Amino acid sequence: MYEAFAVAIVVFLTVGGQELLGFSMLGRPIVIGPLVGLLLGDVKTGLMIGASLETIFMGIVNIGGASAAEPGLASALAVAFAIIMHGGLGVALPLAIPLGIIGLQIKTLIYVAVVGPFASKFDSMAEKGNQKGIVRLHFGLWALQWFLYSLIPFFAMLFGSEATQNVLKMIPTIIVHGLTVAGNVLPAVGMAMLMKILWDKNISAFYFLGFLLVAYLKMPLIAVAVMGTIIAILVAQRDYQLHNMGQKISAKPVVAQTTTETKDEQENDDFFS
Amino acid sequence: MSKFSKDMTKDEKKLMRQMYWRSFTLYSAVTPAKQGASGFEYSMLPFINKFYKKEQDKKEAMVRQMSYFNTNLAMAPFVMGVTASMEKQNSESDDFNAESINAIKTSLMGPLAGIGDSIFWGVLRVIAAGIAISLAKNGNIAAPIIFLLLFNIPVQLVRWYGGQLGYTLGSNYIGELYEKGLINILTKAASIVGLMMVGAMTSNMVKFDLKWNMVLGGKTILKSQEMLNQIFVGILPLTITLLCFWLLKKKNVSINWLILGTIVIAVVLALLGIV
């Protein structure tokens, strides 16, 4: 009972809380993991599994309202089950992935079916100038939807822990080993998703530079971040100079009338002179 | 005291603070139809009450600000600042075209969502999470706190100053950045940092070692993982990540299939004793 309550509160305050606090990342696995761990008396496991799940869910973010999974609910339950059953990532992983997908489905359902219909209510309140009503509904809907959402981890913990335990006992060790291996490879999917956002063939070399710095020079990530920032500043400065040069050239009235081809030629002339 | 706010009156500074705090709740009651409309309205109410004296004008402004709104949260105060400055102009002059307020608001939120999502979600969050994960794996309890600080301090600075910038400069500034093409330079620089971090994290976090060794007459004659390490350290994680990227980008394989496939292949390889 205590565990069910604790996990539900964590989901409410982090996954729901970040919606009230400007997507401040409270609902990420790296935060939820240790928090659930703290409440269930095993911070270390929570921290480790939270970090592993963060790498897997790293590519999954809510961009423009579209997402592939809801990592918060998944992390909270997976970490809680792993702690209760004294299992590691091998227990957490097979739970986290499907839970993330189910969590998103339920979140979307609440968003569409529970909150959605109130859009017109907001409009009619605005027409009437009912400011108090708008504010009340604005916060009321927040509380309602995340209360509903937190019921899932509550009942999952209340009834699911024993059932899940029994199922997990039947899984042979070699499969658990395979799942642990999978947990170590899955960050590749997260990285691939980030690359999809950032990749551009003009700057793709920097991906391999980053890889090399860690693989061979064993540089810590913070050092790579600083080095990347330095390179980015240098590149931006050069781009800015080129850009200003380009503007000066195109500002000449003669060039403005010529075709783009000759404009390029002139840029080159200027560049090599 | 920032340089943006030095020309503001005391009342305006107070309004700016209210907008900053209220805009945290932008997506509290997000709906499919209008996204963050109620949060935008909530953030605009102090301005509406201050600028408009007649009840009818207030109601009109409230209806106007309850329109569809969706952008990156870090960028939202900038849009609110621009919008608020236009509401002020509308309240002061009779011939101001009130419809232009929503037009500017709508034209700003698209590009700003794109920039904000790639800089804050794509780059800053990745850097913060990457550093926090490496701390956490070493057992550092402060990891989640460091993660939250690394992400939120820059975001809050952008939110705080962005709002004042938007209010002070009105709607010209972002258009100017666009015309000058400076947005592209900014996006490229941020992407370089992001991509380098993703490369570093690929090496740091994706782990895949072969256990399979060639045994001849009871003696191990070839350790596959050692051999691979001599060719290139981390060649397997790198190849797997690039393969996933290729499947995602060129083949449009969905993430869920990719995750499922990875799990199945890993389990099968474990059963075969390869990993």
Side-chain angles (χ1 to χ4, degrees), chain A residues 19-25 30-31 34 47 51 54-55 58 61 63 68 97 112 115-116 119 122-123 126-127 129 131 134 138 141-142 174-175 177-178 181-182 184-189 191-192 194-198 203 206-207 210-211 214-215 221-222 224-225 228-229 232 235-236 239-240, chain B residues 24-25 27-29 31-34 38 42 45 58-59 62-63 66 73 117 121-122 127 129-134 136-137 144 147 151-152 185 189 191-200 202-208 233-234 240-241 244-245 248-249 255 258-259 262-263 266-267 270 275:
Chain A
E19 303 276 337
L20 196 62
L21 295 173
F23 280 173
S24 42
M25 298 289 154
I30 184 91
V31 180
L47 191 66
E54 181 68 49
T55 54
M58 175 118 42
V61 286
I63 290 179
I97 304 293
V112 174
V115 188
F122 272 126
D123 282 336
E127 276 163 31
Q131 299 200 357
I134 288 173
H138 181 61
L141 284 177
W142 173 81
I174 186 72
I175 304 272
H177 170 67
V181 171
N184 290 330
V185 185
L186 275 178
V189 180
M191 296 303 129
L194 294 171
M195 284 155 75
K196 205 179 156 193
I197 306 172
L198 297 166
I203 56 168
F206 290 105
Y207 171 78
F211 188 88
V214 173
L221 288 179
I222 189 137
V224 178
T229 310
V235 171
D239 282 354
Y240 186 65
Chain B
F24 272 104
T25 72
Y27 293 124
S28 291
T31 62
K34 292 194 153 185
S38 72
Y42 178 59
L45 282 179
K58 275 187 192 174
K59 281 179 192 167
M62 280 173 72
V63 172
M66 191 56 98
L73 251 155
D117 282 348
W121 293 93
I127 294 173
I131 291 167
I133 288 165
S134 59
K137 296 246 155 138
F147 167 71
F151 179 80
N152 282 305
I185 296 177
S191 300
I192 289 175
V193 189
L195 213 48
M196 247 176 97
M197 281 303 283
V198 175
T202 305
S203 173
N204 205 336
M205 287 160 195
V206 184
K207 300 266 179 266
F208 190 75
V233 175
I240 293 168
T241 309
C244 288
F245 172 53
L248 263 180
K249 182 153 183 169
I255 302 141
L258 215 51
I259 289 174
T262 312
I263 294 174
V267 171
V275 290

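Computation of the quantities below employed the complete heavy-atom set of this structure, encompassing side-chain atoms and omitting hydrogens, waters and symmetry-equivalent molecules. It should be emphasised that the depicted structure is a prediction, and the values quoted were computed from it without experimental measurement. Every chain is numbered from 1, with letters handed out A, B, ... down the list of sequences.
In this structure, chain A has a heavy atom under 4.5 Å from the side chain of B/Leu73, while its backbone stays farther away. With a threshold of 4.5 angstrom between heavy atoms, B/Ser191 approaches chain A through its backbone and through its side chain. Within the 4.5 angstrom heavy-atom criterion, atoms from both the backbone and the side chain of B/Tyr27 approach chain A.
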Going through the distances and angles, do A/Phe122 and A/Leu141 end up as a side chain to side chain contact (heavy atoms under 4.5 Å, CB included)? CA-CA 11 Å; A/Phe122 272 126; A/Leu141 284 177; 3.8 Å; yes
Stepwise side chain to side chain contact (heavy atoms under 4.5 Å, CB included) check, B/Met196 with A/Tyr207: CA-CA 5 Å; B/Met196 247 176 97; A/Tyr207 171 78; over 6 Å; no
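Taking the six-membered ring for Trp and thresholds of 30 and 60 degrees, A/Phe23 and B/Trp121 have ring planes more than 60 degrees apart, a perpendicular arrangement.
Among the candidates B/Leu258, B/Ile263, B/Thr202, the residue making the largest number of heavy-atom pairs closer than 4.5 Å to chain A is B/Thr202. Of the listed residues (A/Ala188, A/Ala182, A/Ala236), the greatest number of heavy-atom pairs within a distance under 4.5 Å of chain B belongs to A/Ala188. Here B/Leu195 is the residue among B/Leu195, B/Asn152, B/Ile131, B/Val198 with the most heavy-atom pairs under 4.5 Å with chain A. Note on B/Ala200, B/Gly194, B/Ala29: by heavy-atom pairs under 4.5 Å with chain A, the leading option is B/Ala200. The greatest number of non-hydrogen atom pairs below 4.5 Å with chain B, out of A/Glu127, A/Glu54, A/Met195, is found for A/Met195. No other option in A/Ala126, A/Gly228, A/Gly129 has as many heavy-atom pairs under 4.5 Å with chain B as A/Ala126.
Side-chain atoms of A/Asp239 do not come within 3.5 Å of backbone N or O of B/Ile185 as any donor-acceptor pair. In this structure, the side chain of B/Ser28 does not engage the main chain of A/His138 through any donor-acceptor pair within 3.5 Å.
Checking each of B/Ile127, B/Ile192, B/Asn204 against B/Met197 for a side-chain contact (heavy atoms from CB on, under 4.5 Å) leaves exactly one that passes, namely B/Ile127.
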